[in-house]
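Residue numbering restarts at 1 for every chain, and letters A, B, ... go by the order of the sequence lines.
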Amino acid sequence: MSTVGASQKIVDYTVVRAHLTAGLFFFVVVLFTGLLYGLQLQQLYPFPGIEILSPGRLRMVHTNAAAYGFLVNLFAACLYWIIPRLTGSPTLSVTFGRVIFWAWQLIVLSAAVGILLGEAQAVEWGETPTWIDPVALFGAALLIINLTVPIARRRDRNMYVTLWYYSAGFVWLALVYAMGNFLPQYVLPGVGGAAVVGLYIHDLVGLFVTPMGWGLMYYMVPVILKKPIWSHTLSLVGFWGLAFFYPLQGIHHFLFSPIPMYAQYGAIISTIAIEIVVFTVIVNFFMTLRGSADMLRTNMSLRWFYAGMVMYFTTCFQCAFHTTLTFQKVIHFTDWVVAHAHLVMFGVFGFWLLGAVDYLWPRLAGNAWYSWRLRAWHFWGTVLGLVLMFGSLTIAGLVQGNLWAALAPWEQSLIGSTPFWTARTVSGVMIIGSQFLLFYNMWMTTRRPTLVEEPHAVLVDDAAPAPV
Amino acid sequence: MHERFTTVALVAGVGCFALAWCLEAWLPLTHIGRIPVKTLEELAPEPTETFLELAELYPKSFKRAYGEPTADAFHDSLRHARDTYIAEGCWHCHSQFVRPVSNEDIRFGAVSTAAEYQNEMQLPQLLGTRRVGPDLSRSWNKHSTDWHVAHFFEPSWVVPTTVMPNYRWFFDENDEPNRTGIAMVTYVMWLGSWTEDWGDEIDEAGENDS
Ligand code: HEM
């Protein structure tokens with residue numbers, strides 16, 4: 001980790017700030033489309049009968065904005081912050097980075113507009129209209145090149161753990177995106193296409209979002225705790241375990257389908273196997289925390305990170321069970337899976353990125369946070385909202401699955417879900433409200449140069465205030 | 001060695017991905033790929049009764065959209081319906097995939113087979129991963145044409161507790177199904193028409209109200 005003066009010269013603060021802001025903009029889009037779609041499921045949709053605001057289309061905007069707008073932008077902000085610091089050299093080009101930034105926003109916005117205009121593609125999580133796919137792949141490739149150059153320049157030396165995850169994640173992103181968006185669309189019909197779509201859904205999370213997330217954790221946690229990761233061996237086990245087992249799991253999205261059974265069993269076994277790997281990573285991070293746990297009270301970023309890790313453990317523990325055929329009979333097709341998706345996408349990676357925002361914003365703004373209490377309220381509001389959402393949807397899933405298997409009339413499963421869907425809307429409002437505390441706090445931080453009520457004045461600790 | 005860029009990018013990045021692709025995609029594809037892929041013309045050569053019925057029920061709108069109810073017009077309508085089904089995200093609320101468990105064969109009809117999906121209407125595949133509404137791959141005999149027309153216009157008129165959105169833009173200025181509306185009704189009443197009739201059993205479960 002480079003010294004302060006040097007890192008200021010090689011990190012382009014403008015592009016970090018731009019990606020961070022864009023990520024939060026799309027976060028708002030994600031939240032409101034989610035809330036609206038949730039209202040449809042309560043028969044309370046405010047814009048019925050309007051073609052471009054059809055709930056089915058909004059749902060696709062919800063998930064795509066989450067992946068390509070919210071997660072990709074915030075991860076990009078972190079990448080631009082971290083990679084030069086770890087490699088000691090800047091990205092390929094500053095101008096290039098800014099051009100890619102605008103190109104990417106244009107791609108995500110036109111994808112959203114395309115979906116609203118009825119041009120979606122039937123690839124789950126790749127609903128971006130078919131004509132955008134090649135452009136998006138090209139845009140991602142540019143981003144990858146810009147960020148890989150500083151890593152590859154140091155080819156002769158061993159890399160830090162974060163960079164293992166980043167390097168492999170970049171390769172995977174390109175491969176996964178190309179595979180998922182083109183093969184099932186043009187070449188492979190039917191269940192063969194389903195096998196590939198399963199790989200795509202799963203790999204986008206497992207081989208892009210997850211490596212970006214763990215890369216972030218392996219950088220941030222030692223920097224904040226000011227001590228190294230507990231065990232290098234466990235870091236190695238975690239990385240290579242992920243690389244080996246994760247790509248094998250895609251078909252667990254289509255169990256009991258006409259895909260040959262051995263492929264389904266293979267997916268199930270590797271899904272269970274990866275829980276062991278996940279466990280090693282979690283142990284590694286909690287052993288690193290040992291002796292410093294008090295910082296969870298005083299450092300908000302750390303609190304987000306470790307809250308996310310608890311959720312990560314929960315999600316993965318859940319996977320090991322619900323990937324089995326026994327669970328699948330009941331929970332497949334139900335809200336159980338939706339609960340799981342929000343726990344992992346928001347509860348884990350969203351939390352880590354909010355922790356990163358908490359860390360980056362005062363450094364980008366050159367100011368201490370405006371209010372500690374708002375940060376704390378933001379944290380607890382979001383956590384409670386998410387836990388409520390996860391809990392209610394998980395139960396809803398069990399209710400739905402059992403009513404279906406019992407051959408109750410379909411409407412019964414809708415009526416039975418109503419209380420849980422109401423709870424989801426309440427949790428959505430809680431989550432949205434909490435984010436506005438964050439936005440207000442960020443706004444005031446840029447405007448008010450004074451430290452207002454920070455009880456533990458350890459704000460800008462390891463890096464000097466940025467040039468604004 | 002194993003902590004260098006080239007190793008990580010090639011072995012973990014390319015290698016592990018390729019291994020997984022071989023085991024979990026290419027290998028199953030060698031079986032599935034043996035089933036020939038049908039075009040829509042091979043799959044459904046003749047117009048269905050629904051399509052002919054719609055031509056009689058809504059002559060003006062039908063004529064404007066499709067002219068005569070020929071086989072070509074029928075194929076055109078099914079393709080358009082498939083595209084609409086994708087664009088509207090119907091597949092995020094409905095599956096087209098009956099599993100051999102949880103009594104799904106009793107509720108919906110015959111369990112899905114690989115051969116059913118080897119055709120251009122399943123490129124891209126529409127198995128689906130979420131059910132807010134019921135599976136549609138056997139929906140051909142569940143309801144009448146009129147039911148579907150009313151249902152797309154305002155689902156809660158036929159199923160008060162539904163959460164399905166309405167699709168007013170499937171209808172023209174006289175509230176008759178337009179090109180898309182005719183296509184969608186034809187499509188949902190075509191899905192599964194190649195399987196045996198499970199209507200009787202479904203009646204007993206109180207599911208069939210048409
Ligand atoms: C206000 C907060 C949110 C609400 C109310 C909400 C609501 C919803 C709803 C209603 C669905 C459709 C579920 C269904 O088909 O039954 C959905 C799906 C989804 N949402 Fe959200 N959402 C919220 C936040 C988020 C965030 C922050 C993310 C990601 C970072 C996210 C990622 C997803 C994903 C990946 C799915 C697809 C789930 C699946 O197909 O299994 N959501 N959300």
Side-chain angles (χ1 to χ4, degrees), chain A residues 40-41 43 45 48-49 51 54-57 59-60 118-120 122-124 151-152 155 158-159 164 167-168 171-172 175 184-185 189-197 199 240 243-244 247-248 250-251 253-254 256-260 263 266-267 329-330 333 404-405 407 409-411 414-415, chain B residues 3-6 8-9 12-14 16-17 20 23-25 27-29 31-33 37 86-93 95 97 99-103 106-107 112-114 117-120 122-127 129-134 156 159 161-163 165-166 168-169 205-207:
Chain A
Q40 169 64 36
L41 297 190
Q43 289 187 310
Y45 191 65
E51 180 170 1
S54 178
R57 300 182 188 187
R59 186 197 198 274
M60 299 190 269
E119 296 187 3
V123 173
E124 195 169 343
I151 306 179
R155 191 184 284 124
N158 281 354
M159 304 187 297
W164 313 341
S167 321
V171 177
W172 284 326
L175 292 172
Q185 176 72 27
V191 292
V196 173
V197 166
L199 286 179
W240 288 98
F244 183 78
L248 290 165
I251 292 178
H253 290 267
F254 291 100
F256 286 118
S257 72
I259 297 171
K329 285 180 196 165
V330 178
F333 295 125
W404 297 341
L407 293 178
W410 196 269
E411 295 87 307
L414 301 175
I415 297 167
Chain B
E3 296 178 18
R4 299 215 171 142
F5 175 72
T6 342
V8 169
V14 180
C16 289
F17 185 84
L23 292 177
E24 290 288 300
L27 204 55
L29 279 169
H31 309 266
I32 301 161
V37 180
I86 293 169
E88 295 295 354
C90 310
W91 53 289
H92 281 300
C93 278
S95 59
F97 160 31
R99 300 184 301 164
V101 292
S102 299
N103 289 327
I106 301 177
R107 182 185 283 280
S112 303
T113 61
Y117 295 101
Q118 287 297 94
N119 60 67
E120 65 158 286
Q122 292 287 338
L123 180 70
Q125 54 84 26
L126 296 171
L127 274 81
T129 55
R130 174 81 178 100
R131 282 180 192 152
V132 177
S156 58
V159 184
T161 52
T162 189
V163 298
N166 68 34
R168 291 293 158 81
W169 52 99
E207 279 283 77

Highest number of heavy-atom pairs under 4.5 Å with chain A among His92(B), Gln122(B), Gln118(B) belongs to His92(B)
Can you name the closest pair of heavy atoms from Ala267(A) and Glu24(B) and give their distance?
CB-OE1, 3.6 Å
With a 4.5 angstrom heavy-atom cut-off, is it the side chain or the backbone of Thr113(B) that approaches chain A, or both, or neither?
backbone
Among Ile415(A), Leu199(A), Leu414(A), which residue forms the greatest number of heavy-atom pairs with chain B at distances under 4.5 Å?
Leu414(A)
Which atoms of Val14(B) are under 4.5 Å from chain A, going by heavy atoms: the side chain, the backbone, both sets, or neither?
both
Quick one: what part of Arg59(A) sits under 4.5 Å from any heavy atom of chain B, side chain, backbone, both or neither?
side chain
Using modelled atom types only, decide if a donor and an acceptor are shared between the side chain of Trp410(A) and the backbone of Val132(B) within a distance under 3.5 Å.
yes
If you count heavy-atom pairs under 4.5 Å between each of Gly13(B), Ala20(B), Ala87(B), Ser95(B) and chain A, which one has the most?
Gly13(B)
Val163(B) backbone acceptor or donor facing Gln40(A) side chain under 3.5 Å:
yes
Atom CZ of Phe17(B): over 12 foreign heavy atoms under 6.0 Å:
yes
Taking side chain as everything from C-beta outward and backbone as N, CA, C, O, which of these in Val37(B) sits under 4.5 Å from a heavy atom of chain A? Side chain, backbone, both or neither.
side chain
Which atoms of Leu27(B) come close to chain A, meaning under 4.5 Å heavy atom to heavy atom: side chain ones, backbone ones, both, or neither?
both
Check the angle between the aromatic planes of Phe97(B) and Phe254(A) and answer parallel, tilted or perpendicular using the 30° and 60° thresholds.
tilted
What is the distance from atom CD of Glu88(B) to atom CD of Glu51(A), rounded to the nearest 0.5 Å?
6.5 Å
Of the backbone (N, CA, C, O) and the side chain (C-beta and beyond), which part of Val191(A) lies under 4.5 Å from a heavy atom of chain B, both, or neither?
both
Taking Trp240(A) for the side chain and Ala12(B) for the main chain, is one N or O donor matched with an acceptor at less than 3.5 Å?
no
Heavy-atom pairs under 4.5 Å with chain B are the metric here; pick the option from Pro184(A), Pro48(A), Gly266(A) that has the most.
Pro184(A)
Please find the pair of heavy atoms, one from Leu123(B) and one from Gln185(A), that lie closest to each other, and give the distance.
CG-O, 3.5 Å
When you compare the side chain of Arg4(B) with that of Asn158(A), does any pair of heavy atoms fall below 4.5 Å?
yes
Closest non-hydrogen contact found for Ile259(A) with Pro28(B) is CG2-CB, 4.4 Å
Closest heavy-atom pair, Val8(B) versus Trp164(A), reported as atoms and distance to 0.1 Å, is CG1-O, 3.4 Å
Restricting to non-hydrogen atoms, name the atom on Trp91(B) and the atom on Ala122(A) that form the minimum distance, rounded to 0.1 Å.
CZ2-CA, 3.5 Å
Most heavy-atom pairs under 4.5 Å with chain B, out of Ser167(A), Ala195(A), Gly250(A), belong to Ser167(A)
Are any of the side-chain heavy atoms of Ile32(B) and Pro260(A) separated by less than 4.5 Å?
yes
What part of Tyr45(A) gets within 4.5 angstrom of chain B, counting heavy atoms only: side chain, backbone, both, or neither?
neither
Would you say Ser54(A) and Trp169(B) make side-chain contact, with heavy atoms under 4.5 Å?
yes
At a 4.5 Å cut-off on heavy atoms, which part of Met159(A) comes close to chain B: side chain, backbone, both, or neither?
both
I need the His253(A) NE2 to Leu127(B) CG distance, nearest 0.5 Å.
13.5 Å
Can you say whether His31(B) sits under 4.5 Å from chain A via the side chain, the backbone, both, or neither, judging by heavy atoms?
side chain
Greatest number of heavy atom pairs closer than 4.5 Å to chain A - which of Ala25(B), Gly133(B), Cys93(B)
Gly133(B)
Between the main-chain N or O of Phe333(A) and the side-chain N or O of Arg130(B), is there a donor-acceptor pair closer than 3.5 Å?
yes
Minimal heavy-atom distance between Cys16(B) and Ala243(A), with the atoms involved, is CB-O, 3.0 Å
Between Ser156(B) and Gln43(A), does a side-chain hydrogen bond (donor to acceptor under 3.5 Å, both in side chains) hold up when you go through it step by step?
CA-CA 9 Å; Ser156(B) 58; Gln43(A) 289 187 310; 5.4 Å; no
